[in-house]
4 protein chains.
Amino acid sequence: MPDRLPRRRKETRPAELLEAALDLFAEKGFAATRMEDIAARAGASKGTLYLYFPSKQAVFEALVHSALLPNMERLEAVVAGYEGSTPELLRTTLRILARLLENRRLIVLPKLVLAEAANFPDLARFHKRAVVDRGLGLIASILERGMARGEFRRQNPVLVARLFVAPFLMMVMWRTTFEPLDESFAIDTTRHLETHLDILLRGLAAEETP
Amino acid sequence: MPDRLPRRRKETRPAELLEAALDLFAEKGFAATRMEDIAARAGASKGTLYLYFPSKQAVFEALVHSALLPNMERLEAVVAGYEGSTPELLRTTLRILARLLENRRLIVLPKLVLAEAANFPDLARFHKRAVVDRGLGLIASILERGMARGEFRRQNPVLVARLFVAPFLMMVMWRTTFEPLDESFAIDTTRHLETHLDILLRGLAAEETP
Amino acid sequence: MPDRLPRRRKETRPAELLEAALDLFAEKGFAATRMEDIAARAGASKGTLYLYFPSKQAVFEALVHSALLPNMERLEAVVAGYEGSTPELLRTTLRILARLLENRRLIVLPKLVLAEAANFPDLARFHKRAVVDRGLGLIASILERGMARGEFRRQNPVLVARLFVAPFLMMVMWRTTFEPLDESFAIDTTRHLETHLDILLRGLAAEETP
Amino acid sequence: MPDRLPRRRKETRPAELLEAALDLFAEKGFAATRMEDIAARAGASKGTLYLYFPSKQAVFEALVHSALLPNMERLEAVVAGYEGSTPELLRTTLRILARLLENRRLIVLPKLVLAEAANFPDLARFHKRAVVDRGLGLIASILERGMARGEFRRQNPVLVARLFVAPFLMMVMWRTTFEPLDESFAIDTTRHLETHLDILLRGLAAEETP
DNA sequence: GATGAATGAGCATTCATTCAT
DNA sequence: AATGAATGAATGCTCATTCAT
């Protein structure tokens with residue numbers, strides 16, 4: 001009887017399956033990951049996987065929902081409650097995002113969404129709305145706060161938000177694309193992003209009013 | 001009368017086939033594009049396609065080689081012959097790259113390479129060496145020129161080169177991923193990149209020496 | 001009502017599939033037999049065939065293993081337990097092998113192995129070791145027994161074993177190659193082999209010791 | 001002008017093409033040999049090959065005709081003119097055939113005919129008539145001569161002819177199937193056949209009439 | 001709830017053969 | 001006579017999905 005604890009797992013099963021799926025998607029990409037492999041890694045059978053998710057695409061979508069949205073909300077909460085200077089808020093935001101980039105499994109999700117967008121336009125649309133637009137909106141609101149407080153010079157906040165985010169995208173693509181090829185391709189994320197912020201803050205600084 | 005000159009097209013056929021492949025890869029991605037479709041769009045048969053390219057992967061590779069390398073070389077030539085101020089050189093570089101971004105078909109190639117890197121690591125390695133590293137090296141050399149001439153403050157040039165490039169990557173991903181979903185998602189590339197350069201140049205400007 | 005009991009046939013399926021494969025290989029040869037045909041003849045789908053055998057070659061190999069080895073063992077057991085005179089043992093051996101030749105489906109396997117040896121060298125190697133060498137060794141041991149007991153004159157037993165076997169090979173090739181072309185090409189196997197044994201035994205007989 | 005002697009080869013071209021085909025069939029078997037390869041090895045183009053042979057099967061047939069029949073005729077001539085004892089004639093016949101077996105390229109033809117018989121029944125039929133039946137007939141006539149002259153005891157000559165030939169078939173299959181796998185699998189053809197003849201002649205010897 | 005045997009649509013690739021030049 | 005570009009039928013294999021147990 002090596003097979004104890006069979007029931008009662010109903011609650012945890014979906015999470016276990018998603019975790020297995022995330023691992024495999026990270027390792028081999030979406031197309032190369034077989035439903036059977038996902039089930040096997042989660043210690044379940046193919047049938048069970050289909051019990052919780054009606055299709056491979058559904059697994060992918062659930063993964064995106066479950067992994068990205070909580071982080072989104074956490075970040076929004078931090079920003080909402082912030083009291084200090086806007087440059088400091090921007091630095092805090094950058095560091096929170098940088099910490100997310102450290103999570104080797106999490107980081108593959110945006111890459112996957114981008115890579116598979118042509119195959120799953122609905123998912124891409126959802127991701128744009130729920131992650132991209134919402135994230136850019138959050139950054140833009142920070143920038144507006146800075147402009148309103150005279151800390152930044154006037155600029156289109158949405159536009160700058162995209163520029164603020166671009167180096168994160170670069171890191172996502174680099175780490176998911178090139179780093180797996182060879183360890184020596186690794187980049188120092190922190191330095192990359194701190195330099196980014198440094199240049200950005202100087203570039204955004206309000207004109208000296210002599 | 002599209003059906004004249006059937007034989008002796010050995011010279012033009014590969015280019016026609018690559019063009020068709022690029023169109024389809026752009027539309028549907030690599031995996032979803034069938035060899036038969038490529039051939040058909042080029043007005044040829046499957047067998048003819050295999051006459052010129054031994055595999056689907058080979059088509060992809062030939063596409064990357066033929067489309068990216070010439071532009072790389074053109075850019076290097078411009079930079080090598082430049083005489084004016086470094087900020088102007090950076091602006092010229094940005095505009096050349098921006099114009100490449102306008103090419104709706106060309107732009108899908110980097111996206112594809114990134115998306116398929118896991119499936120074609122050799123191609124990814126080649127692309128990193130021949131496009132990414134080479135391109136970043138070129139930008140870094142421009143930045144070094146500016147620092148040497150006292151136009152920019154001292155910074156790690158490779159690091160800054162990556163920051164210079166990040167918004168281009170963002171545009172590539174945006175235009176290939178989100179714009180096809182809905183026309184209204186389009187971004188004004190020029191404004192995006194000009195703002196980027198504006199902030200970057202300010203952020204990099206040499207300290208006032210009073 | 002051939003369509004009952006669709007599931008839970010895991011135990012019997014491989015044998016059914018191999019039987020179908022043997023039929024088709026016998027009829028059309030290895031190359032000309034399609035996996036789909038094998039599956040269809042076994043009342044299964046292509047996918048099911050691949051569920052049990054990872055490739056066409058694997059089907060072939062399983063067939064060779066499953067059909068030849070048991071007979072090999074049976075024959076060895078008979079020889080090992082034999083008590084009578086060696087000429088009688090040789091005659092018994094010949095009759096057992098002759099009976100195997102009667103099996104119209106079994107007989108195609110050696111023919112196939114020979115015909116496909118260039119395409120499947122590993123299989124050929126295995127077959128040489130597991131069937132040819134082992135069989136020749138068995139015959140050689142019988143011949144040695146006869147020589148040791150003074151029933152046969154001294155001769156290289158391995159060499160003679162090959163001569164003992166040659167007419168069986170001839171029957172295999174004849175029946176698989178020429179008989180299918182025309183019924184009238186049939187040969188009386190029994191007479192062929194009994195004559196063979198008759199001549200061989202006389203040719204091997206110990207010199208009269210006057 | 002590296003391309004001299006273009007014309008005038010009309011006579012030799014077919015022979016060159018057949019030689020190339022024989023080489024390749026010997027190396028890789030019939031199915032695995034591509035028409036393009038045959039043409040290339042003969043220094044010609046695919047089109048030229050089709051100029052002389054209407055199909056791959058036709059190449060095969062021409063090969064069988066051109067390579068086997070002359071040897072057949074040569075052997076018949078030797079037998080027809082023979083004057084000595086029948087055992088000696090049998091030994092001479094055996095040696096002529098043994099020498100043919102030494103020809104590594106020639107030897108693959110019977111193997112190919114057997115292997116491909118299912119795919120080319122017409123060729124198999126032709127081969128049976130023109131080579132097998134004719135050859136067995138020749139041997140049978142020698143055996144009849146020996147029985148008529150009281151050198152051999154009475155036996156069905158056709159039946160014994162097949163037994164005489166069986167070890168040659170074994171050598172053909174062995175050398176074409178197992179020897180290419182590993183040099184160490186080589187057999188001493190001469191000893192094999194001489195032992196065969198020795199046993200056969202004893203086995204056939206007329207009864208001592210005391 | 002859970003299983004895993006069964007399905008079959010889908011696609012890359014090969015190569016004998018044709019025929020305009 | 002000779003070429004070689006073009007064709008397209010044919011087939012092994014994969015894997016998401018279904019469903020009887």
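Quantities reported herein were computed from a predicted structural model and do not represent experimental measurements. So that the names make sense, note that chain A is the first sequence line, chain B the second, and so on, each numbered from 1. Below, each value reflects all heavy atoms present in this structure, side chains not excepted, and no hydrogens, waters or symmetry copies.
- In this view, A/Lys56 satisfies the salt bridge (Lys or Arg N to Asp or Glu O under 4.0 Å) rule with no residue, not counting sequence neighbours.
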Contacts under 3.5 angstrom, residues 18-29 of chain A side chains, donor-acceptor by atom type, not counting sequence neighbours:
from: A/Asp23; atom 1: OD1; to: A/Arg105; atom 2: NE; distance (Å): 2.4
from: A/Asp23; atom 1: OD1; to: A/Arg105; atom 2: NH2; distance (Å): 3.4
from: A/Glu27; atom 1: OE1; to: A/Arg41; atom 2: NH2; distance (Å): 3.4
from: A/Glu27; atom 1: OE2; to: A/Arg41; atom 2: NH1; distance (Å): 3.3
from: A/Glu27; atom 1: OE2; to: A/Arg41; atom 2: NH2; distance (Å): 3.2

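- A/Lys128 places no side-chain N or O within donor-acceptor distance of the main-chain N or O of A/Leu123, the cut-off being under 3.5 Å.
- Rounded to whole Å, atom P of F/dA6 lies 15 Å from atom CE of B/Met35.
- Partners of A/Thr33 by side-chain hydrogen bond (donor to acceptor under 3.5 Å, both in side chains), not counting sequence neighbours: none found.
- Mapping A/Ala31 and C/Ala32 onto DNA chain F via the closest heavy atom, the residue that lands nearer the 5' end is C/Ala32.
- Sorted by residue number, the list of members of residues 18-30 of chain B with any non-hydrogen atom under 4.0 Å from DNA chain F is empty.
- With a 4.5 Å cut-off on side-chain heavy atoms, B/Leu17 and B/Pro14 do not count as touching.
- Remark: nothing in residues 112-126 of chain D comes within less than 4.0 Å of DNA chain E through any heavy atom.
- Stem regions annotated for DNA chain F: E:2-21 with F:2-21, counting only runs of 3 or more consecutive pairs of Watson-Crick or G-U type with both contacts under 3.5 Å.
- Applying the side-chain contact (heavy atoms from CB on, under 4.5 Å) test to B/Ala67 and every residue at least two apart in sequence or in another chain returns B/Leu106, B/Leu109.
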| Passes side-chain contact (heavy atoms from CB on, under 4.5 Å), A/Met35 versus A/Tyr50? Steps please. | CA-CA 9 Å; A/Met35 289 296 267; A/Tyr50 274 93; 3.6 Å; yes
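- Near DNA chain F, meaning a heavy atom under 4.0 Å from it, residues 36-62 of chain B has B/Ala44, B/Ser45, B/Lys46, B/Gly47, B/Thr48, B/Leu51, B/Tyr52 in order of number.
- With sequence neighbours left out, the side-chain contact (heavy atoms from CB on, under 4.5 Å) criterion links B/Ala130 to B/Leu69, B/Phe126.
- Considering only residues two or more places apart in sequence or on other chains, C/Lys46 meets the side-chain hydrogen bond (donor to acceptor under 3.5 Å, both in side chains) condition with none of them.
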| task | Starting from the C-alpha separation in whole Å, work towards a yes-or-no answer on side-chain contact (heavy atoms from CB on, under 4.5 Å) for B/His127 and B/Leu114. | result | CA-CA 9 Å; B/His127 185 258; B/Leu114 294 175; 5.6 Å; no
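- Every side-chain hydrogen bond (donor to acceptor under 3.5 Å, both in side chains) that B/Glu116 has, sequence neighbours left out, goes to B/Asn119.
- C/Ser66 places a side-chain N or O within 3.5 Å of a backbone atom of C/Ala62 that can act as its donor or acceptor partner.
- With sequence neighbours excluded, no residue forms a side-chain hydrogen bond (donor to acceptor under 3.5 Å, both in side chains) with B/Thr176.
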